[in-house]
Structure formats: structure tokens, C-alpha cells
Asks: 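Have a look at the structure that comes next, please.
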Amino acid sequence: MKKNKINTDFLHVGNKLLIWYKNNGRDLPFRQTKDPYKIWICEIVFQQTRINQGLNHYNNFIKRFPDVKTLAEAKEDEVLLYWKGLGYYSRAINVHKAAKQIMDDYHGVFPNQYDEILKLRGVGKYTAAAVSSICFDGKIPAIDGNFYRVLSRLFADDFDISSTKAFSYFSELAHLILPENVGDFNQAMMDLGSEICKPKNPVCGECPINEECLAFSSNKTSELPVKTKKVKAEDLHLKYYFVHRNGQFLIQQRKDDFIWKKLFEFLPSITADLEPFIKNIKTVNHKLTHKNLNIEIANVEVTSRSVWSDFIAKNECFITDFDASQEKSFPKPLENYIQNSLKD
DNA sequence: AACTCGGGGAT
DNA sequence: ATCCCAGAGTT
């Protein structure tokens, strides 16, 4: 059913959700505060990330960087360290840039208007709406994956959520049920989408708005939302040389393009004088959302001190050891490789 | 408007 | 094996 066919009054749905949220909302660490800094960080951490997966990262991040100023004054590498294992590493780089932005452009005071929050690096329409509604009583629905799913089911609407027009389309739909307290409403939609209106096997029997849900009454919850675009992973081969000597090994830092932005990695190539020291070669398979990685890692133990120091002098790389490596952010498969090397 | 960016848990 | 998650930036 399209929105222009909806003649019933759905406004009470929003208020029902607020009541449900008050009694059934999840108890999360960022629920006790309206500090825009903390809400902002949590919104960034939990982009495309499940609560259970990011909870420790969020707590550790807030503990180390409790406010904008602390974050802005930190080194980028340390911010990346606290993002280690979370994925989508541009979020860490951007959150750091945005902190500097707040110091420079807003005298360290978090902007309180949607349009200003939207200017922050790494903050899009969703996050700007979330922060402005939760912290500053902004009246803007925070349209995310939960909104798409809940609204498409509530109105039994087959609008393609993978369409680029989905955001504005579901924004309009959201206004049909938007209550006065938009901040709590936005969070209620997230909890409903997470706990009740789940992608698969939704718990419609416990849903506070199942009486109004057109997908429920027409038994179409399993067909909604409609998403036509599918992402397919392509194969990618990577090769690394784990060059080490006496508990030290050589690393370099990735660029901020392609995958694993600015994370540390082993050397992608060596010179001929190191080849005799290759002990063995291990292949690691690792799946990313858009890539099936096949990583070949050559274990190079340099037993000659002169060859070791000569290579370091002539090549761009850093020396680290197993303890110090814990203080840098490596891609997951390389992190695993280091951990396995420790056991040998 | 389409493409790209991680990692992990649920099914 | 497939889907999807408190999305945003780039092309």
C-alpha cells in the first residue's frame, strides 16, 4: 500500500511506541545521557554495527576520549587503535577530524542545530537527526535500517529500500506517526526493529503496534521490506612478507583509500637479499562484505644482522615488536597472524 | 545514482 | 552460504 492510499489516522502509533519504549527499551550505557558528544560517538560506533559488537569499543573509547577536546588533541593512530576490529575505519579518521572541526569552528561547543551537526565530518542525515533529536529536541526522524523495516511493514509498503530515493520516501512516511518526543521515538524505533520487528522471524505477538501493522494483518511480514540490490563479493589476492628478527618485525601504514584505511600492515614486497630467509608461506582466507580475501603471508626470519639493518636503512618501514604491536591497529587477519606467531 | 568501505552474529 | 546491522563519502 502506498502512502497516498493511507487515510487512517496513524498518529497514535508513535505514542504507543513511546509507551512501549519506556517500559521495554534496552538499558544501554548511552541511554542515561544527553551529552551530545557521547551520543555522537555512539551513533558513529554503531553505524552498520550491532550493539553487542560495538559496546566494548564504545565504552573504551569514551573512557579514553571523554570529551571533544581530548579526542581532538589525540594522535590519529591512537584513535585508530581504539577502533581496532570494528571495521569501516574511515569512521575513526572522520570522528577525529570532526572533533578538531568542533574545536576550530565551534570553540569546542557541540553544535545544537541539525544543519550545523550535519556539517561535521562523518555525520550524515541519519546521525545529525539522531543527535539533534536526542540531545536538542530536534523534530527530525532518524531514518536507518530499522525505520525502513518497521515502516515498510507497518504500511505494508513494497517501496525498494535499496533505492536512492528510499531515504526521502520513508522520511515522509515517518512523519505520519511522528509524536512530540522525537528523540525517544527515534530510539524506540531502533529498539523495536532490534528486539521485535527483526529482519527474520519478527516477534509480532509481542509487538505494541501489531493491531495497526498492515503487513501483520495481511501476513506479509516475511516479504517486507523489499530490497532488490544485492552485494556480491569479488575475490582479491594479497601478499605479505612477515619480516622479523629477534622478536621484532617490520610494518608500514596503509593509505586512506581502499580497504583498511591507515591501518598497519606487513610489507607487501621485499628485496632479493631477503628471499633466502623465507622460512615458509601460509595462506589465510578472510571474508569481507565486498571481498573474499586470499592472503599469502611469507614468514621471513632474517638471521643476518647486516642484511636486517641494511634492509631497514634502504626501505620505508617501521620496526615494532610483539608487545608494541598491540598498540597499533592491524587488519583482523594480520592481527590473527601476529597472535598465532606469539604461540610458536 | 551507483559504488565502496569491515567485521561479526543470526538464520 | 546469505543477510544485515543506530550509514557516509566518493565517483
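Letters go in sequence order (proteins before strands), and every chain restarts at 1.
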Asks: How would you label the contact of A:F167 with the nucleic acid (heavy atoms, under 4.0 Å): base, sugar-phosphate, or nothing?
Replies: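 Nothing, no nucleic acid heavy atom in range.
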
Asks: Side chain of A:H290 only, please: which of B:dG8, C:dG7, B:dT4 is the nearest?
Replies: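 Looking only at heavy atoms from C-beta outward on A:H290, the closest nucleotide is B:dT4.
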
Asks: Taking only the side-chain heavy atoms of A:K287 (C-beta and beyond), determine which of C:dT2, C:dA8, C:dC4 contains the nearest atom.
Replies: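 Per side-chain heavy atoms of A:K287, the pick is C:dT2.
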
Asks: Indicate the ring-plane relationship of A:F30 and A:Y58, choosing parallel, tilted or perpendicular according to the 30° and 60° boundaries.
Replies: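 A:F30 and A:Y58: perpendicular rings.
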
Asks: Quick check, are the ring centers of A:F155 and A:F10 under 6.0 angstrom apart?
Replies: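 Centroid separation for A:F155 and A:F10: below 6.0 Å.
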
Asks: On DNA chain C, does the nearest nucleotide to A:L120 precede the nearest nucleotide to A:D191 from the 5' side, or the other way round? Give the residue.
Replies: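 First, find each residue's nearest nucleotide; the 5'-ward one identifies A:D191.
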
Asks: Using the side-chain heavy atoms of A:Y126, tell me which of these nucleotides is nearest: B:dC5, C:dA8, C:dC5.
Replies: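 The answer is C:dA8.
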
Asks: Would you mind reading off the distance between A:I196 atom CD1 and C:dA6 atom P, rounded to a whole angstrom?
Replies: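 Between P of C:dA6 and CD1 of A:I196: 14 Å.
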
Asks: Give a yes/no on whether any side-chain N or O of A:K232 is located under 4.0 angstrom from OP1 or OP2 of C:dT2.
Replies: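 Looking at the OP1 and OP2 atoms of C:dT2, neither is under 4.0 Å from any side-chain N or O of A:K232.
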
Asks: Quick one: is B:dG7 close enough that its OP1 or OP2 comes under 4.0 Å of any side-chain N or O from A:Y89?
Replies: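 Yes.
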
Asks: In whole angstroms, how far is the C1' atom of B:dT4 from the NZ atom of A:K229?
Replies: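 After rounding, the gap between these two atoms is 13 Å.
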
Asks: Does a sphere of radius 6.0 Å around NE2 in A:H107 hold more than 12 heavy atoms from other residues, nucleotides or ligands, not counting ones at 6.0 Å or beyond?
Replies: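 Not more than 12 within 6.0 Å, no.
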
Asks: My understanding is that only residues two or more places apart in sequence, or in another chain, count here; which of them pass ring pair (Phe, Tyr, Trp, His ring centres under 6.0 Å) with A:F322?
Replies: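 So A:F322 forms a ring pair (Phe, Tyr, Trp, His ring centres under 6.0 Å) with A:F249.
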
Asks: In whole angstrom, give the distance that lies between atom NZ of A:K230 and atom C1' of B:dA2.
Replies: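 It is 17 Å, rounded to the nearest whole Å.
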
Asks: Which of these nucleotides, B:dT11, B:dG8, C:dA6, is closest to any side-chain atom of A:K200?
Replies: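 Selected nucleotide (nearest to the side chain): B:dT11.
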
Asks: Could you tell me the separation between the NZ atom of A:K198 and the C1' atom of B:dG9, rounded to a whole number of Å?
Replies: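 Those two atoms, NZ and C1', are 12 Å apart.
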
Asks: Rounding to an integer number of angstrom, what distance separates B:dG6 and C:dC3 when you compare their C1' atoms?
Replies: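 Going atom to atom, C1' in each nucleotide, I get 15 Å.
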
Asks: What's A:N201 touching, base or sugar-phosphate or nothing? Going by heavy atoms closer than 4.0 Å.
Replies: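 The answer is sugar-phosphate, as A:N201 gets under 4.0 Å only of primed atoms, P, OP1 or OP2.
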
Asks: C:dG7, OP1 or OP2 - any side-chain N/O from A:K125 closer than 4.0 Å?
Replies: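 No, no such contact exists.
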
Asks: Using a heavy-atom distance cut-off of less than 4.0 Å, which residues of residues 77-87 of chain A contact DNA chain B?
Replies: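 Heavy-atom contacts with DNA chain B come from A:G85, A:L86, A:G87.
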
Asks: Determine the contact category for A:V231: base if any of its heavy atoms lies under 4.0 Å from a base atom, sugar-phosphate if only primed atoms, P, OP1 or OP2 are that close, otherwise nothing.
Replies: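 Nothing, no heavy atom under 4.0 Å.
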
Asks: Please tell me which of the listed nucleotides, C:dG9, B:dG6, C:dC4, lies nearest to the side chain of A:P199?
Replies: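 For A:P199, the side-chain atoms sit closest to C:dC4.
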
Asks: Surrounding CG of A:N280 (heavy atoms of other residues, nucleotides or ligands, distance under 6.0 Å), is the total greater than 12?
Replies: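 More than 12 heavy atoms, drawn from other residues, nucleotides or ligands, come within 6.0 Å of this atom.
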
Asks: For C:dA8, does OP1 or OP2 lie under 4.0 Å from any side-chain N or O of A:Q47?
Replies: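 True: A:Q47 side-chain N/O within range (under 4.0 Å) of C:dA8 OP1/OP2.
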
Asks: Answer yes if the ring centres of A:F159 and A:Y169 are under 6.0 angstrom apart, and no otherwise.
Replies: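 Yes, the ring centres sit under 6.0 Å apart.
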
Asks: Counting only heavy atoms not in A:Q252 (residues, nucleotides, ligands), do more than 12 fall under 6.0 Å from its CD?
Replies: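 Counting neighbours around CD of A:Q252, more than 12 heavy atoms of other residues, nucleotides or ligands fall under 6.0 Å, so yes.
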
Asks: Quick check for you: among B:dG6, C:dA6, B:dA2, whose closest atom lies nearest to any side-chain atom of A:T164?
Replies: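 Out of B:dG6, C:dA6, B:dA2, the nucleotide with an atom closest to A:T164's side chain is B:dA2.
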
Asks: Considering only C:dG9, B:dG7, B:dC5, which nucleotide approaches the side chain of A:W260 most closely?
Replies: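 So the nucleotide nearest the side chain must be B:dG7.
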
Asks: If I take atom CD1 in residue A:I143 and atom P in nucleotide C:dG7, what distance separates them, rounded to the nearest angstrom?
Replies: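 Going from CD1 in A:I143 over to P in C:dG7 covers 12 Å.
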
Asks: State yes or no: are the ring centers of A:Y337 and A:F266 separated by less than 6.0 Å?
Replies: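 Yes - the distance between ring centres of A:Y337 and A:F266 falls below the 6.0 Å cut-off.
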
Asks: The side chain of A:K261 lies closest to which of these nucleotides: B:dG6, B:dC5, B:dG8?
Replies: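 Taking heavy atoms from C-beta onward, the closest nucleotide is B:dC5.
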
Asks: What do you reckon, are the aromatic ring centroids of A:W83 and A:F61 less than 6.0 Å apart?
Replies: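 Judged by ring-centre distance (under 6.0 Å), A:W83 and A:F61 do meet the cut-off.
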
Asks: Using a cut-off of 4.0 Å on non-hydrogen atoms, how would the nucleic acid contact of A:T127 be classed: base, sugar-phosphate, or nothing?
Replies: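 A:T127: backbone/sugar contact only, no base atoms under 4.0 Å.
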
Asks: Mind checking if A:R26 touches a base, just sugar-phosphate, or nothing, with heavy atoms under 4.0 Å?
Replies: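 Counting heavy atoms under 4.0 Å across all strands, the contact made by A:R26 includes a base.
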
Asks: A:N94 or A:F46: which one's nearest nucleotide on DNA chain C is closer to the 5' end?
Replies: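 Here A:F46 is the residue nearer the 5' end.
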
Asks: How is A:S90 classified with respect to the nucleic acid when contacts are heavy atoms under 4.0 Å: base, sugar-phosphate, or nothing?
Replies: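 Answer is nothing: A:S90 stays at 4.0 Å or more from every strand.
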
Asks: Once you round it to whole Å, what is the distance between P of B:dC5 and CZ of A:R91?
Replies: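 That distance rounds to 15 Å.
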
Asks: By the 4.0 Å heavy-atom rule, please label A:I93 as base, sugar-phosphate, or nothing.
Replies: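 The answer is nothing, as A:I93 stays clear of every strand by at least 4.0 Å.
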
Asks: Students often get this wrong, so: under 4.0 angstrom with heavy atoms, is A:N186 touching a base, only sugar-phosphate, or nothing?
Replies: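 Result for A:N186 = nothing.
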
Asks: Would you say A:K291 reaches B:dC5's phosphate, i.e. side-chain N/O to OP1/OP2 under 4.0 Å?
Replies: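 True: A:K291 side-chain N/O within range (under 4.0 Å) of B:dC5 OP1/OP2.
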
Asks: Return no unless some side-chain N or O of A:R149 is found under 4.0 Å from OP1 or OP2 of C:dC4.
Replies: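 No, outside the criterion.
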
Asks: From the list C:dG9, B:dG7, C:dG7, which nucleotide is the closest neighbour of the side chain of A:R121?
Replies: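 Looking only at side-chain atoms, A:R121 lies closest to C:dG9.
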
Asks: Measuring only the C1' atom in each nucleotide, how far is C:dC4 from B:dC5? A whole number of Å is fine.
Replies: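 So the two C1' atoms sit 15 Å from each other.
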
Asks: Using the P atom as the point on both nucleotides, what is the distance between C:dA8 and B:dG9, in whole Å?
Replies: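 About 24 Å, rounded to a whole number of Å.
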
Asks: Should A:K332 and A:E335 count as an ion pair when the cut-off is N to O under 4.0 Å?
Replies: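 No, no charged N to carboxylate O under 4.0 Å.
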
Asks: Reckon A:H286 touches a base, only the sugar-phosphate, or nothing at all at heavy-atom distances under 4.0 Å?
Replies: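 Sugar-phosphate contact only.
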
Asks: May I ask you to evaluate whether A:Q48 reaches the phosphate of C:dG7, defined as a side-chain N or O under 4.0 Å from OP1 or OP2?
Replies: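 Looking at the OP1 and OP2 atoms of C:dG7, one of them is under 4.0 Å from a side-chain N or O of A:Q48.
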
